[in-house]
Amino acid sequence: MTDPKILTSANGAPVADDNNSISAGPRGPLTFDNWRLMEKLAHFNRERIPERVVHARGTGAYGTFKLSKDLGDLTIADFLQGEGKETEVFVRFSTVGGGQDSSDYARDPRGFAVKFYTGEGNFDLVGNNTPVFFLRDPSKFPDFIHSQKKNPRTNVPDPAAVFEYWANHPQALHQATILMSDRGIPASYRHMHGFGSHTLSFWNADGTRVWVKWHLKTDQGIKNLRGEETAGLPPFGAQADLVDAIERGDYPSWTVKIQVMTEEEAKTYRYNPFDLTKVWSHADFPLIEIGKLTLNRNVDNYFAETEQSAFSPSNLVPGIGASPDKMLQARLLAYPDAHRYRVGVNHQQLPVNAPKCPVHHYQRDGAMAGMNVCPVTGRAANQDSGVNFFPNDRDDAAKPKPSVMEPPMPLEEEAWVGFHESRDEDNFTQAGDLYRLMSDDQKDQLAANIAGGLVHASASAQARMLNQYSAADPDYAARVKAAMAALV
């Protein structure tokens with residue numbers, strides 16, 4: 001018979017009584033030597049960390065990515081070499097605009113973030129369930145999120161602010177059309193696509209770069225909900241659906257595909273290929289299937305794993321790089337900065353964020369340093385007594401690896417530093433193309449969903465939005481106008 005587990009305090013000391021506090025007699029006041037009570041209450045007060053400003057409500061799971069096509073001709077990334085190679089992943093799904101108190105069934109984009117634990121570091125594919133976004137310039141991101149969140153005075157959703165922002169930013173029309181369509185409320189995280197959204201780059205051993213977009217196509221099929229179908233659904237329904245599916249062995253999967261564009265094609269393409277408000281034509285750049293992503297294990301502790309997981313587009317690996325996408329460039333700074341504030345400077349030492357490969361660097365100390373042990377070297381993540389500066393004269397110290405140097409990033413000829421408006425101000429063609437792909441029922445849903453919020457906007461915002469819909473397709477504007485009239 002094994003000895004029973006002994007309840008201890010945080011310092012490991014056995015606890016004699018965890019049901020009663022020390023007091024001066026049965027009915028007397030508590031005494032100041034209630035160290036066990038003080039420890040419990042003090043830790044309880046600190047159990048929460050700041051919620052994410054965006055993507056606050058989410059759920060995650062572990063799985064694998066299995067490569068079905070060797071990409072050695074395109075990239076030196078080790079996890080994309082060798083057909084059949086498997087890489088462990090952690091995926092976090094989320095709503096975007098709402099807080100932890102929001103519903104899984106809000107009309108909102110869904111975050112779709114994948115952490116690949118590769119042999120040469122973690123690669124994070126930080127995307128959404130849509131291939132585009134509302135913005136092309138990051139200076140507008142705080143304004144956009146403020147307009148989509150609760151009114152600062154009433155603390156309730158404000159559809160007038162939503163449409164006032166969109167009326168002033170026609171570049172949002174493509175994404176807003178997706179959001180207000182039947183795809184605005186996925187039935188579950190399992191029944192939606194994922195997209196890297198941003199343009200990334202691959203480069204191979206010869207130093208040749210290509211531009212790449214990632215697509216993850218659900219193998220469960222697309223399922224969405226009409227707004228009225230969400231009434232009465234539990235706010236945590238999508239999270240429960242994912243957890244339950246994995247628990248019963250119904251492992252969700254996605255077929256992973258990429259689009260590839262050469263640097264020369266990018267120079268002459270009919271619009272800016274790095275504009276996050278636009279998609280690449282599948283006719284011009286066909287989807288290439290490269291593998292399968294499958295989720296097969298739930299987390300053991302939601303807070304330790306899902307809540308403290310930290311994804312960043314700056315988590316790149318040799319063979320994969322960024323692009324001149326302005327939104328991506330800003331996220332390279334903003335995302336890791338948010339994690340350092342929210343979780344801590346050593347957030348990448350937490351097990352869910354820690355690489356599965358050896359880690360050697362000269363960063364030291366900070367809050368919670370040494371939280372994790374390197375699974376390969378067995379050394380504490382704070383690097384023990386190793387040298388903490390470079391260059392140094394130690395034979396066994398970590399040194400750079402010149403062979404993984406990224407080729408130089410091409411820039412525009414005769415480029416000048418300054419504030420530049422986009423030269424690709426066609427905000428309407430792709431939104432119109434999307435609208436014309438919809439069935440009549442989908443068009444009616446779109447118009448009704450828009451009208452329900454647009455009627456609360458100012459007359460000026462309404463007029464400008466109708467002009468945008470008309471520029472995309474005259475029928476688009478006509479249906480929205482008719483749906484608004486029916487609500488008056």
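Heads up: numbering here begins at 1 and tracks the sequence. Source: prediction; values computed, not measured.
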- Item | Plane angle bin for Trp166 and Phe134 - parallel if under 30°, tilted between 30 and 60°, otherwise perpendicular |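 Because their plane-to-plane angle is under 30°, the rings of Phe134 and Trp166 count as parallel.
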
- Query: Parallel, tilted or perpendicular for Trp211 and Phe274, by the 30°/60° rule?
  - Reply: perpendicular

Would you say [X] and [Y] make side-chain contact, with heavy atoms under 4.5 Å?
X      : Y      : value
Val114 : Val126 : no
Met484 : Gln462 : yes
Tyr105 : Pro235 : no
Leu446 : Asp182 : no
Phe90  : Phe311 : yes

- Counting N and O atoms only, with roles assigned by atom type, does the side chain of His361 sit under 3.5 Å from a partner on the main chain of Gln363, one being a donor and the other an acceptor? yes

- Message: Does this structure show an ion pair linking Glu83 with Lys66, if we count only N-O contacts that are shorter than 4.0 Å?
- Response: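 A salt bridge is absent here (no side-chain N lies under 4.0 Å from a carboxylate O).
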
- Item | Lys443 and Asp473 ion-paired at < 4.0 Å |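 No, no charged N to carboxylate O under 4.0 Å.
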
- Message: Going by side-chain contact (heavy atoms from CB on, under 4.5 Å), Ile185 matches just one of Asp104, Leu179, Thr230. Which one?
- Response: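 Considering Asp104, Leu179, Thr230, a side-chain contact (heavy atoms from CB on, under 4.5 Å) with Ile185 is found only for Thr230.
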
- Query: Which one of Arg136, His169, Lys278 satisfies the side chain to side chain donor-acceptor pair (under 3.5 Å) criterion with Asn427?
  - Reply: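 Passing option: Arg136.
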
- Shortest non-hydrogen pair, His456 vs Pro159, comes out as CD2-CG, 3.8 Å

- Message: If you compare all heavy atoms of Met192 against all heavy atoms of Thr218, which two are closest, and at what distance to 0.1 Å?
- Response: O-CB, 3.4 Å

